[in-house]
Protein chains: 2
Amino acid sequence: MARNPQEDPKPARARRRAGRATMSDVARLAGVSAITVSRLLRDPASVSGTLAVRIRDAIERLGYVPNLMAGGLAAAKSRIVGVVVPSIRNAFFAASVDALSARFGERGYAVLDSSSDYDLRREDTLIEAMLAWNPAALVLTGFAHGPRAAAIVARAGVPIVEMWDVAGRPFDMAVGFDHNAAGRSVARHLLARGRRRVAVIGAMLGKDTRASARCAGVREELERAGRPAVATIDLPRASNVGDGASAFAEALAAPGGIDAAAFSNDVLALGAIFECQKRGVRIPDDVAIVGFGDLDFAAHCRPSLTTLRPPREQIGNETARLLLSRIDGQTPERPVVDLGCDLVVRESA
Amino acid sequence: MARNPQEDPKPARARRRAGRATMSDVARLAGVSAITVSRLLRDPASVSGTLAVRIRDAIERLGYVPNLMAGGLAAAKSRIVGVVVPSIRNAFFAASVDALSARFGERGYAVLDSSSDYDLRREDTLIEAMLAWNPAALVLTGFAHGPRAAAIVARAGVPIVEMWDVAGRPFDMAVGFDHNAAGRSVARHLLARGRRRVAVIGAMLGKDTRASARCAGVREELERAGRPAVATIDLPRASNVGDGASAFAEALAAPGGIDAAAFSNDVLALGAIFECQKRGVRIPDDVAIVGFGDLDFAAHCRPSLTTLRPPREQIGNETARLLLSRIDGQTPERPVVDLGCDLVVRESA
DNA sequence: CGCTCGAATGTTAGCGTTGTCATTTTTAAA
DNA sequence: TTTAAAAATGACAACGCTAACATTCGAGCG
């Protein structure tokens, strides 16, 4: 059987393609070389105006979307920033990540975030998974990490910010505030208001080291004043209103009673407020209440809630700023940025 | 000047490398070819036990982490799933995304999520940015999209789920519930309880089409019963407790008063509850209140809140299930999964 | 008017993996 | 045993882009 001499002169291994237009397609249509298109996209100033117009036109006509995988492979780095938080459902971290994403998004970086559920071994796994993407930077939460984290991030060699805490030794940089100091400021406020029998109520103190540090701060300052906490309750689950209410009820039943309660979270404090409404306990006359977070409802509930206001968005913004400047090759300083945490005094304490 | 004949026989173009161990390094150490390592990682059953042990050992010793950029480029697809929600700070979407991430994470996929801030043009941009990563699947929110979205996703050719709504024509698949029906169930409940003068209060109804559909459902059912809403208030900002309180105060002042208020969000309803506590308005005796979301506090506030319970986590789980089965090459059905939305009747209405 | 120098553009060769096809080894059937 | 079929493994090129190096061109200068 005679073969048509014109058909496939070379077997030409069949290949898959994404199907989309490539940079070469754009270059061909614009009558330039691929590298010029690449340059225009990454550093517009390096391409002459005439070519720039032609290339942009070609991009538009082909609906060209760059393949960042290919770019990341070629440059041995990507425009991905990996973020690991305990839980994205936590309003505090969500606010920081949101700000972080916005800042990085403006600069063309995508943020990959994942939740460790307060499990340090899981965090190790997540960090390792992030590294598979050759991220340009890494954002972790706090200083408590899994056993392999140090080795993993050392190998990664990317700028890292540990956020939401400053009291510790960072791998690289840190942005946050001192939770122990914040806790102490709560205790001082209660003592100044004449409170002498304070209960401390927190959630997941064994895993949430920052909440734990705040509670410890409260207790330390109370002890220093010779008025140690009359009760300390550690709830086993993440903060929720119902547990806050029942823990508060438990604290009220402490022998000798209490005249104040400091919570590791506004959500728990809200539960206490509802419990008081139910029982007819007067706030702050009978019991003073202090929360943490300055969540939306804190200013509007009855009575309004005295609470600590963490710099949620600011943490995200500052983290992005530090990482971007490091990515841009600036000052390899190792800053620890303490943004502070103010006590907002309202009706409840 | 005589050149040393031994020095660089080939100029050998200098190249950048990520510095990490590569698959070839692992292969060399294990005494196999690179493709066998690749196979072990992607389909362990296709490699014999002897080699598998040797290769795993080499991976361990070198601390090898696969370069997913290279893999993504070679395979013309990635293990990334793109998600676009209006706001990750919204507790509803955060819950769905969290569940979604968990399900995909188990299968080795990373989730890239981004917030459009209820801006459809921005959503277009974000979808396009996602495509640059050659995602394996796309998750969008609702059916309202920007002008270029349809063209963009058509070119993408990946499975897509539009979540949190089912009342519309999906690009591909949809998982959620019928917001209009949910709103109607609220109105029926209030009517059944003898309420005749209902106010409808929502936030960002112009942009949040789902909240808008719920409010419309309430109004339609009230009209059908011959008891049209006595007031409709559309707040310009995202739901927050303060605005809920002031909008409720405004509704109370409607000529002839009101005996019920339906809110597009529990947060707004909580504001109303606080406002009632402040003014001494009795719930539900004077005014009945219904929210949406069944947020944490709904079961615990005083009075407890009657509200709609959306299947937050379920939406994420089901979305992941559909997409993964499609990725696995199964049934190219175009399902629309209606998970329903129950009314949880408590004290407030 | 030739020369240097810098800006603009092009050429080449990978980046680290996987799809395709080829080859070798093992297993099962005859 | 022989042989075909199946399983395991390998060789090679290609995915789409960018770093490094090479070349061209025109402005500015003596």
Side-chain angles (χ1 to χ4, degrees), chain A residues 8 10-28 30-55 59 62 64-79 131-134 136, chain B residues 8 10-28 30-55 59 62 64-80 108 131-134 136:
Chain A
D8 44 64
K10 245 193 288 185
R13 220 165 261 257
R15 276 305 264 193
R16 68 271 130 165
R17 312 170 112 261
R20 303 181 343 215
T22 70
M23 194 173 266
S24 303
D25 297 334
V26 173
R28 199 173 311 116
V32 299
S33 71
I35 192 71
T36 306
V37 178
S38 175
R39 288 204 181 99
L40 178 68
L41 262 24
R42 289 175 299 145
D43 179 18
S46 69
V47 174
S48 70
T50 0
L51 289 192
V53 172
R54 292 224 307 270
I55 294 171
I59 287 175
L62 291 174
Y64 170 68
V65 176
N67 183 328
L68 294 180
M69 299 252 156
L73 177 60
K77 70 191 176 203
S78 76
R79 285 187 161 259
L131 291 188
W133 290 108
N134 255 101
Chain B
D8 44 65
K10 244 193 289 186
R13 222 164 259 257
R15 273 308 262 194
R16 66 272 132 166
R17 311 171 112 261
R20 302 179 346 215
T22 70
M23 196 172 263
S24 304
D25 296 333
V26 173
R28 198 173 312 116
V32 299
S33 72
I35 193 68
T36 306
V37 178
S38 176
R39 287 204 182 97
L40 177 68
L41 261 24
R42 288 176 299 147
D43 179 18
S46 69
V47 174
S48 70
T50 0
L51 289 193
V53 171
R54 291 224 309 268
I55 294 171
I59 287 175
L62 291 174
Y64 170 68
V65 177
N67 183 330
L68 295 180
M69 298 254 157
L73 177 60
K77 70 191 177 202
S78 76
R79 285 187 161 257
I80 276 187
L131 291 188
W133 291 108
N134 255 106

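Numbers restart at 1 for each chain; the letters A, B, ... are given by sequence-line order, proteins then strands.
Considering only side-chain atoms of M23(A), the nucleotide from dA11(D), dT18(D), dG16(C) that sits closest is dT18(D). You'll find that the side chain of A74(B) is closest to dT18(C), out of dG10(C), dT18(C), dG10(D). In the set dT17(C), dG10(C), dC17(D), dG10(C) carries the atom at the smallest distance from any side-chain atom of V32(A).
Within the 4.0 Å cut-off from OP1 or OP2 of dA8(D), not a single side-chain nitrogen or oxygen of S48(B) is found. Regarding contacts with the backbone of dA8(C), every side-chain N or O of S46(A) stays at 4.0 angstrom or more from both OP1 and OP2. Phosphate contact (OP1/OP2 of dC15(D), side-chain N/O of T22(A), threshold under 4.0 Å): absent. The shortest distance between the side-chain N/O atoms of S33(B) and the OP1/OP2 oxygens of dT9(D) is not below 4.0 Å.
Contact check for L51(A) versus L40(A): no side-chain heavy atoms found under the 4.5 Å cut-off. Here the side chains of R79(B) and L68(B) are not in contact, with every heavy-atom distance at 4.5 Å or above.
Both A45(A) and A34(A) lie near DNA chain C, and the one whose nearest nucleotide falls closer to the 5' end is A45(A).
Note: CG (L73(B)) to P (dC15(C)) measures 13 Å, nearest angstrom. The distance from atom CG of L68(A) to atom C1' of dC17(D) is 10 Å, rounded to the nearest whole Å. For D43(B) and dT18(C), the CG to P distance is 12 Å, given to the nearest whole Å. The distance from atom OH of Y64(B) to atom P of dG16(C) is 10 Å, rounded to the nearest whole Å. As a whole-Å value, the separation of N134(B) CG from dC17(D) C1' is 13 Å. The CD1-P distance, from I35(B) to dA13(D), rounds to 14 Å in whole Å. D25(A) has its CG atom 13 Å from the C1' atom of dC15(D), to the nearest Å. The CZ atom of R54(A) sits 9 Å away from the P atom of dT9(C) (whole-angstrom rounding).
Among the protein residues, L51(A) comes within range of the sugar-phosphate backbone only, with heavy atoms under 4.0 Å from sugar or phosphate atoms but none that close to a base.
Closest heavy-atom contact between I59(B) and L41(B): CD1-CD1, 3.7 Å.
Remark: side-chain polar atoms of R20(B) are paired, donor with acceptor, to backbone N or O of V65(B) under 3.5 angstrom. In this structure, R54(B) contributes its side chain and V32(B) its backbone to no donor-acceptor pair below 3.5 Å.
For R39(A) and dG10(C), a side-chain-to-base donor-acceptor distance below 3.5 Å is present, hydrogens and geometry of angles not being considered.
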